[in-house]
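Below is one structure; the comments refer to it alone.
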Protein chains: 2
Amino acid sequence: MKMSKQFPLNALRVFEAAARLGSFTRAGEELGMTQTAVSYQIKLIEENVGEPLFLRRPRQVQLTKTGQLLAPKVAEAFEILRDAMAGAREDAETSLLIHSTPTFASQWLARHLGSFQLRQPHIAVRLTTSETIIDFHRETVDVAIRSGKGDWPGLTAHPLMCMDFTPMMNPKLAEDVGGIHTPRDLLKLRIIDPGDPWWMQWFTAAGVHDADLASRPASRLGAQSFEARAAIAGQGVAILTPEFYPDDIALGRLYQPFELRGNDGHQYWLVYQTARRNSAKIRSFRDWILSEFAPSGNAADPNTAHQTAN
Amino acid sequence: MKMSKQFPLNALRVFEAAARLGSFTRAGEELGMTQTAVSYQIKLIEENVGEPLFLRRPRQVQLTKTGQLLAPKVAEAFEILRDAMAGAREDAETSLLIHSTPTFASQWLARHLGSFQLRQPHIAVRLTTSETIIDFHRETVDVAIRSGKGDWPGLTAHPLMCMDFTPMMNPKLAEDVGGIHTPRDLLKLRIIDPGDPWWMQWFTAAGVHDADLASRPASRLGAQSFEARAAIAGQGVAILTPEFYPDDIALGRLYQPFELRGNDGHQYWLVYQTARRNSAKIRSFRDWILSEFAPSGNAADPNTAHQTAN
DNA sequence: TGCATGCATCAAGAGAACTTATCCATGAAG
DNA sequence: CTTCATGGATAAGTTCTCTTGATGCATGCA
């Protein structure tokens, strides 16, 4: 037997309205259906209960004893359901779960998220980070910042910024070794995380093919921002993304000796599930972050997105 | 816009089961539907809320934050609805509202209803009376006892007993006037309610055509049972239905001087709405009362009913 | 590596829910 | 005391939701 027969939910909703309004016609209006349909639904539920719920009086309907018993409880239940749905919608609209790589989170989001919250004060932002790429099917996450090539099935990815890299260091450290004039000068310094493939790539691009990085002591710090801290502290030269350190550069704690930048084809992306592209909160976050990265003054163009089919 | 779109009730029920069981397949089994249908309904509600409610993990589904928020409230609401429906069904099955004429109620039902309650101890009987014929469309009543001809549109009527009438009195009163031998002897006594048309009809049938009843003092008591009390008290002779007074006859407080009975074509009927003929409580009351009136030992035949089309 | 489990997707079909049209009864108004 | 307006019931036809069955995919287990 069909569940809908044992438990006529739609009929109960109609009953609730009819009981409250004391009129099938009025109930129909409220529910956006005809009086006929109301009559039909009420009959359904009466058959289900096994007893009339309304007395059909000439110009009005009136609850029977059984109907009087049933109506308030049904009303209460629908009240709860309405609240629950409203609560869920509210929650859906007002809480935004962002996932990011730790570096992007600490170096960029931490400094800019305030302007998003200023723009959308009703949205409660929660930010989680991990090195690993999260799976939207496994985690409750609305949007994510990822590095990669933007080719993730089922997801829409908007490019945010290139993951360029170039050696950076504390200017005092450069002075200590008599200044850094050629790329090869860097080899006089301690290289922070010499195992990072970026180093090899950059030296090659700079024409230094014999940099013996492998023999140097490994010092992987796990995340670029930690390496940046080390560089700022004068502990060596790190290979970093300059866009992440505008303050440290402005304060003279970090500088970039060479214009030359490497790029391994990766960049940072804003990604979200394509199916959810019309969610208001996702849209407003997307619009905000794209405008932050857009050439100053111009609004971002959401059409630059990659959408990889599923 | 359709209400069912704004407020997907069936989807909520499916959601409740899926959330509780943590599985679309299991939820489908419980609700008697396929996994496909569950998936579809969940998608509906997710679109409505604007956010996923489940994380689709490989071999299970798991509630998202929003889903966790929604599930308990929805469960509570359905709990209430379930209770309410069960309560209504319970009430529908276990309470029987009987309406009767006051006379039939006091003279017959009062003495026999106990045996019905013995047979159906789970049914709570409520008995209301009025002289007027009640309208099933206006009153909350399951079955009624009426006098009449059994031709009520939309109602099924089972004949119970004839409304025969004959003069009855206390035997002592007869002795006081030297015995009642001929119908005309009755005129020596006080006639209780001489305006009752039954009197004229009975005297005519008895061959007394010149009974001057109109000139006698009126003493309408309103209901036959009151007139019977008066007759038992020796205050006169009343025209009564003998079947109502078996005890008083057995105790010698009331007797019927003549075999002759009048009948105006009316009788007592059990009536109920034809549409509700299959209600269990109505059926069991019908079966009981018909068996009480059936020739002893034989079950009553429900097929003697009149059904007057609407 | 192959199998079982569990969910998603698609096309097609059944059946429920709804609408339109009509009728009927009642209470109010002229 | 008609006549009209209101409100519900009924019948038949239509729409469209929902369900089904087949299929595919990903994952976990043997």
Side-chain angles (χ1 to χ4, degrees), chain A residues 1-15 17-19 21-48 52-63 135-138 153-154 273-275 309-310, chain B residues 1-15 17-19 21-48 52-64 67 135-138 153-154 273-275 309-310:
Chain A
M1 195 219 274
K2 293 258 173 55
M3 192 67 180
S4 52
K5 291 290 91 179
Q6 313 177 33
F7 205 75
L9 268 182
N10 290 309
L12 278 170
R13 172 175 51 212
V14 174
F15 168 73
L21 298 171
S23 156
F24 290 4
T25 305
R26 225 79 28 85
E29 283 164 12
E30 177 173 301
L31 298 172
M33 57 208 267
T34 60
Q35 169 268 354
T36 310
V38 174
S39 181
Y40 171 77
Q41 295 287 356
I42 299 291
K43 181 173 289 186
L44 274 191
I45 203 177
E46 286 180 334
E47 277 168 15
N48 185 291
L53 299 175
F54 286 99
L55 294 169
R56 272 67 167 184
R57 310 286 295 282
R59 295 173 80 108
Q60 63 182 339
V61 288
Q62 199 186 26
L63 288 168
D135 182 346
F136 280 94
H137 292 299
R138 289 178 181 264
Q273 293 171 95
T274 304
N310 209 344
Chain B
M1 195 218 278
K2 293 257 171 54
M3 192 67 181
S4 53
K5 291 290 89 180
Q6 313 176 33
F7 205 76
L9 267 181
N10 290 307
L12 277 170
R13 172 175 50 212
V14 174
F15 168 74
L21 299 170
S23 156
F24 289 4
T25 306
R26 225 77 33 79
E29 283 165 10
E30 177 173 303
L31 298 174
M33 57 207 268
T34 60
Q35 171 268 110
T36 310
V38 175
S39 182
Y40 172 80
Q41 296 287 356
I42 299 292
K43 180 172 291 187
L44 272 193
I45 203 176
E46 287 179 333
E47 277 168 14
N48 184 292
L53 299 174
F54 286 100
L55 294 169
R56 272 69 169 183
R57 312 285 296 281
R59 293 175 79 109
Q60 63 181 338
V61 288
Q62 199 186 27
L63 287 168
T64 60
D135 181 347
F136 281 93
H137 293 299
R138 290 176 181 265
Q273 292 169 97
T274 304
N310 210 343

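Just so it is clear: chains get the letters A, B, ... in the order the sequence lines come, proteins before strands, and each one is counted from 1. Fair warning: this is a prediction, and the values are worked out from it, not measured in the lab.
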Check: [Y] and [X] side chains under 4.5 Å, non-hydrogen atoms:
| X | Y | answer |
| --- | --- | --- |
| A:Glu30 | A:Arg26 | no |
| B:Gln41 | B:Leu31 | no |
| B:Asn10 | B:Met33 | no |

Quickly work out the [X] [atom1] to [N] [atom2] distance and round it to whole Å.
| X | N | atom1 | atom2 | result |
| --- | --- | --- | --- | --- |
| A:Met33 | C:dT19 | CE | P | 7 Å |
| A:Leu55 | C:dT26 | CG | P | 15 Å |
| A:Leu21 | D:dG8 | CG | C1' | 15 Å |
| A:Glu29 | D:dT6 | CD | C1' | 12 Å |
| A:Arg13 | C:dC18 | CZ | C1' | 13 Å |
| A:Leu9 | D:dC18 | CG | C1' | 15 Å |
| B:Leu31 | D:dT20 | CG | P | 11 Å |
| A:Gln273 | C:dA8 | CD | P | 12 Å |

Whether the side chain of A:Arg13 engages the backbone of B:Phe7 through a donor-acceptor N/O pair (distance < 3.5 Å, no angle test) should be reported.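 Confirmed, A:Arg13 side chain pairs with B:Phe7 backbone.
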
For the side chain of A:Glu46 and the backbone of A:Leu53, is there at least one donor-acceptor N/O pair under 3.5 Å apart?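 Yes; judged by distance alone, with no hydrogens or angles, the pair exists.
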
To the nearest 10°, give me the bend of the helix from C:dT1-D:dA30 to C:dG30-D:dC1, comparing the axes of its five terminal pairs at either end.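 Helix axis angle between the two ends: 30°.
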
Would you mind telling me which residue lines up with the more 5' stretch of DNA chain C, B:Gly22 or B:Arg138, judged by nearest nucleotide?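 Result of the comparison: B:Gly22.
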
Look at [X] and [N] and indicate whether a side-chain polar atom (N or O) is within less than 4.0 Å of OP1 or OP2.
| X | N | value |
| --- | --- | --- |
| A:Arg26 | D:dG7 | yes |
| B:Gln41 | D:dT17 | no |
| B:Thr34 | D:dT20 | yes |

So if I apply the ring-ring contact (aromatic ring centres under 6.0 Å, His included) rule between A:Phe24 and each of A:Phe54, A:Phe15, A:Tyr40, which one comes out positive?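 Of the listed options, the one satisfying the test is A:Phe54.
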
Can you give me the closest heavy-atom contact between [X] and [Y], atom names plus distance?
| X | Y | answer |
| --- | --- | --- |
| B:Pro52 | B:Thr64 | O-OG1, 2.9 Å |
| A:Pro8 | A:Ile45 | CG-CG1, 4.1 Å |
| A:Val61 | A:Ser23 | CG2-N, 3.8 Å |

Please tell me which of A:Asp135 and B:Ala37 maps to the more 5' nucleotide of DNA chain D, matching each residue to the nucleotide holding its nearest heavy atom. B:Ala37

Kindly point out which of C:dT19, D:dC18, D:dT19 is positioned nearest to the side chain of B:Asn10? D:dC18

Contacts under 3.5 Å, N or O only, protein and nucleotides 9-11 of chain D:
unit_1: D:dA9; atom_1: OP1; unit_2: A:Arg56; atom_2: NE; d: 2.5
unit_1: D:dA9; atom_1: OP1; unit_2: A:Arg56; atom_2: NH2; d: 3.4
unit_1: D:dA9; atom_1: OP2; unit_2: A:Ser39; atom_2: OG; d: 2.6
unit_1: D:dA9; atom_1: N7; unit_2: A:Gln35; atom_2: NE2; d: 3.3
unit_1: D:dT10; atom_1: OP2; unit_2: A:Lys43; atom_2: NZ; d: 2.5
unit_1: D:dT10; atom_1: O4; unit_2: A:Thr36; atom_2: OG1; d: 3.4

